[in-house]
S.K.: 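Below is a structure I'd like to ask you about.
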Amino acid sequence: EHDLSLPIDSLLRVGTSKAHEDAENSQGGVRLVKGELDKEEYVYFLMMLWHIYDELERGLETHASYPTLQPTYNPTLLARSRSLSEDIAYLLGVPEGEWQVHTAHRSLMTSPPKPFVDYTTRLQELSSLPDPSRLLAHAYVRYLGDMSGGQFIRRRIAKAYNLDPERGDGIRFYDFNKLGGSESANAGDLKRIKEWYRDGMNAGVGENVALKAAVLEEANDAFKLNSGIFELLGSESRVRPSQSAT
């Protein structure tokens with residue numbers, strides 16, 4: 001179906017286009033991009049993302065020297081779990097060390113929705129395998145998305161919740177530093193990071209056709225898992241955290 005002679009970065013771009021489009025066009029994805037989620041819903045989304053990134057980044061750390069993953073392993077540059085934690089705490093108005101005992105988070109963990117459980121469970125499964133190469137697909141889908149469409153979402157979120165885009169409080173999740181530096185990355189810097197990442201994927205996967213096919217399959221599944229999270233944001237049936245008992 002797809003040309004497996006392509007380098008993995010090109011293969012993923014063409015081979016996930018449908019799943020990528022489906023995720024972007026899901027009702028919750030559209031509401032997120034338009035800044036239409038109320039703050040409670042947005043924090044609920046960030047809490048799920050924190051657990052997703054926590055699982056992903058622990059897996060990448062565990063397997064940092066694995067040949068497929070090593071060329072793109074750069075937690076100083078890429079890791080998002082800390083910035084998500086800061087954003088959640090800021091938006092809830094609590095110290096960073098306390099948001100996990102907040103009612104909203106306890107509600108999420110007491111009755112975790114199936115798409116959230118499916119996503120985190122899949123990351124745990126991949127991290128436990130002797131060959132964790134498929135984690136690369138999840139890192140690709142999340143990190144490159146954060147550096148691409150995430151930058152547009154940042155502006156919408158700042159406007160929706162009256163956040164200062166210059167200070168960055170509450171929207172640090174979308175902020176990256178320059179490759180090899182501590183200064184904030186601009187659009188050109190983000191382009192260079194993405195190029196570095198794609199080169200690293202190509203180096204890690206190489207010409208292994210079976211590995212390319214596996215990473216492509218997993219990347220499509222990763223987009224579907226993200227679509228599942230977005231569907232929770234588009235649903236009126238979801239029980240809001242504030243409706244749960246403390």
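These numbers come from the heavy atoms of this one structure, side chains and all, not from hydrogens, waters or symmetry mates.
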S.K.: Any chance the side chains of His20 and Glu24 put a donor and an acceptor closer than 3.5 Å?
M.R.: yes
S.K.: Suppose we call two aromatic rings close when their centres sit under 6.0 Å apart. Are Tyr53 and Phe173 close by that rule?
M.R.: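 Centroid distance Tyr53-Phe173: below 6.0 Å, so yes.
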S.K.: Looking at Thr120 and Val117, would you say the former's side chain and the latter's main chain have a donor-acceptor pair under 3.5 Å?
M.R.: yes
S.K.: Between Tyr73 and Glu61, does a side chain to side chain contact (heavy atoms under 4.5 Å, CB included) hold up when you go through it step by step?
M.R.: CA-CA 8 Å; Tyr73 184 66; Glu61 181 180 10; 3.5 Å; yes
S.K.: Tell me whether the rings of Trp50 and Trp99 are parallel (<30°), tilted (30 to 60°) or perpendicular (>60°).
M.R.: perpendicular
S.K.: Quick one: does Asp146's side chain have a donor or acceptor within less than 3.5 Å of a partner on Tyr174's backbone?
M.R.: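 No; judged by distance alone, with no hydrogens or angles, the pair does not exist.
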S.K.: Verify the cluster assignment for Val30 and Ile157: are they in a single hydrophobic cluster under the rule of side-chain heavy atoms below 4.5 Å apart?
M.R.: no
S.K.: As an exercise, state the distance from CD1 of Ile8 to OG of Ser10, rounded to the nearest 0.5 Å.
M.R.: 9.0 Å
S.K.: Got Lys224 and Asp221 here, is their nearest side-chain heavy-atom distance under 4.5 Å?
M.R.: yes
S.K.: Once the angle between the rings of Phe45 and Tyr42 is folded into 0 to 90°, is it parallel (under 30°), tilted (30 to 60°) or perpendicular (over 60°)?
M.R.: tilted
S.K.: Measure the spacing between NZ of Lys159 and CG of Asn162 and express it to the nearest 0.5 Å.
M.R.: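 Between atom NZ of Lys159 and atom CG of Asn162 there are 10.5 Å.
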S.K.: So, taking the atom named CG in Leu46 and the one named CD1 in Ile52, what distance separates them when rounded to the nearest 0.5 Å?
M.R.: 11.0 Å
S.K.: Between the main-chain N or O of Thr103 and the side-chain N or O of Ser107, is there a donor-acceptor pair closer than 3.5 Å?
M.R.: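 Not at all, since once roles are kept as given, no pair shorter than 3.5 Å links the two residues.
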S.K.: Please report the interatomic distance CZ(Arg58) to CG(Leu135), rounded to the nearest 0.5 Å.
M.R.: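 Here the rounded value is 12.5 Å.
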S.K.: Considering only heavy atoms from C-beta outward, does the side chain of His51 approach that of Pro112 to under 4.5 Å?
M.R.: no
S.K.: Determine the sole option in Arg82, Arg80, Arg154, Arg167 for which the salt bridge (Lys or Arg N to Asp or Glu O under 4.0 Å) test with Asp175 is passed.
M.R.: Arg154
S.K.: Does the distance from a Lys or Arg side-chain N to an Asp or Glu carboxylate O, for Arg122 and Glu125, drop under 4.0 Å?
M.R.: yes
S.K.: Heavy-atom distance under 4.5 Å between the side chains of Val209 and Ser5, does that happen here?
M.R.: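 No, too far: nothing below the 4.5 Å cut-off.
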S.K.: With the side chain counted from C-beta on, respond yes when Glu40 and Val43 share a heavy-atom pair under 4.5 Å apart, and no when they do not.
M.R.: no
S.K.: Determine the minimum heavy-atom distance between Glu86 and Arg172, stating which atoms define it.
M.R.: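 Looking at all heavy atoms of both residues, the closest pair is OE1-CD, 3.2 Å.
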S.K.: Ala219 and Ala137: which non-hydrogen atoms are nearest, and at how many Å?
M.R.: N-CB, 3.4 Å
S.K.: With no hydrogens and no angle check, just 3.5 Å: does a side-chain donor-acceptor pair link Tyr140 and Asp9?
M.R.: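 There is no such pair between these side chains.
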S.K.: Once you round to the nearest 0.5 Å, how far does OH of Tyr119 lie from CE of Met48?
M.R.: 11.5 Å
S.K.: Start with the C-alpha distance between Arg142 and Leu49, add both sets of side-chain angles, then the distance that settles side chain to side chain contact (heavy atoms under 4.5 Å, CB included), and finish with yes or no.
M.R.: CA-CA 10 Å; Arg142 286 298 338 166; Leu49 273 192; 3.8 Å; yes
S.K.: Are any of the side-chain nitrogens in Glu217 or Arg134 under 4.0 Å away from the carboxylate oxygens of its partner?
M.R.: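 Judged by the 4.0 Å cut-off on N to carboxylate O distance, Glu217 and Arg134 do form a salt bridge.
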S.K.: Please evaluate residues Phe230 and Leu233 with respect to the criterion side chain to side chain contact (heavy atoms under 4.5 Å, CB included), reporting the C-alpha separation (whole Å), side-chain torsions for both, the decisive distance (0.1 Å), and the verdict.
M.R.: CA-CA 5 Å; Phe230 285 149; Leu233 306 178; 4.2 Å; yes
S.K.: Any sub-3.5 Å donor-acceptor pair from Thr16's side-chain atoms to Ala19's backbone N or O?
M.R.: no
S.K.: Flag the pair His105 / Leu92 as yes when at least one side-chain heavy-atom distance between them is below 4.5 Å, and no otherwise.
M.R.: no
S.K.: Decide whether Ile229 and Met109 are clustered together by the hydrophobic rule: side chain heavy atoms of Ile, Leu, Val, Met, Phe, Trp, Tyr closer than 4.5 Å, transitively.
M.R.: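 Yes.
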S.K.: Would you call Leu12 and Met201 a side-chain contact if the rule is heavy atoms closer than 4.5 Å?
M.R.: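 A side-chain contact under 4.5 Å exists here.
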S.K.: Are there over 12 heavy-atom neighbours, none belonging to Glu207, within less than 6.0 Å of that residue's CD?
M.R.: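 Atom CD in Glu207 is not crowded, with 12 or fewer foreign heavy atoms closer than 6.0 Å.
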S.K.: With a 3.5 Å distance limit and no angle check, can you tell me whether Asn220 reaches the backbone of Gly15 through a side-chain donor-acceptor pair?
M.R.: yes
S.K.: Where is the tightest heavy-atom contact between Phe223 and Ala23, given as atom of each residue plus distance?
M.R.: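 In terms of heavy atoms, the two residues are closest at O-CB, 4.0 Å.
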S.K.: Are the side chain of Lys212 and the backbone N or O of Leu6 linked by a donor-acceptor pair below 3.5 Å?
M.R.: yes
S.K.: Nearest 0.5 Å please: distance from the CG atom of Asp22 over to the OG atom of Ser17.
M.R.: 9.5 Å
S.K.: Could you tell me whether the side chain of Leu91 reaches within less than 4.5 Å of the side chain of Leu163, counting heavy atoms only?
M.R.: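 They are in side-chain contact.
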S.K.: Kindly check if the number of other-residue, nucleotide or ligand heavy atoms within 6.0 Å of CD (Gln124) is above 12?
M.R.: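 Atom CD in Gln124 is packed in, count exceeds 12.
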S.K.: Please name the pair of heavy atoms, one in Ala160 and one in Gly35, separated by the smallest distance, quoted to 0.1 Å.
M.R.: CB-O, 3.5 Å
S.K.: Restricting to non-hydrogen atoms, name the atom on Phe176 and the atom on Leu77 that form the minimum distance, rounded to 0.1 Å.
M.R.: CD2-O, 3.5 Å
S.K.: Side-chain contact, heavy-atom cut-off 4.5 Å: Asp189 with Leu179?
M.R.: no
S.K.: Would you say Asp199's side chain and Trp196's backbone share a donor-acceptor pair under 3.5 angstrom?
M.R.: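 No.
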S.K.: Evaluate the side chain to side chain contact (heavy atoms under 4.5 Å, CB included) criterion for residues Ile88 and His102: first the C-alpha distance (whole Å), next the side-chain angles of each, then the deciding distance (0.1 Å), finally the verdict.
M.R.: CA-CA 10 Å; Ile88 293 165; His102 190 279; over 6 Å; no
S.K.: For Ser85 and Glu96, which heavy atoms make the closest approach, and how far apart are they?
M.R.: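 Nearest heavy atoms, Ser85 then Glu96: OG-OE2, 3.0 Å.
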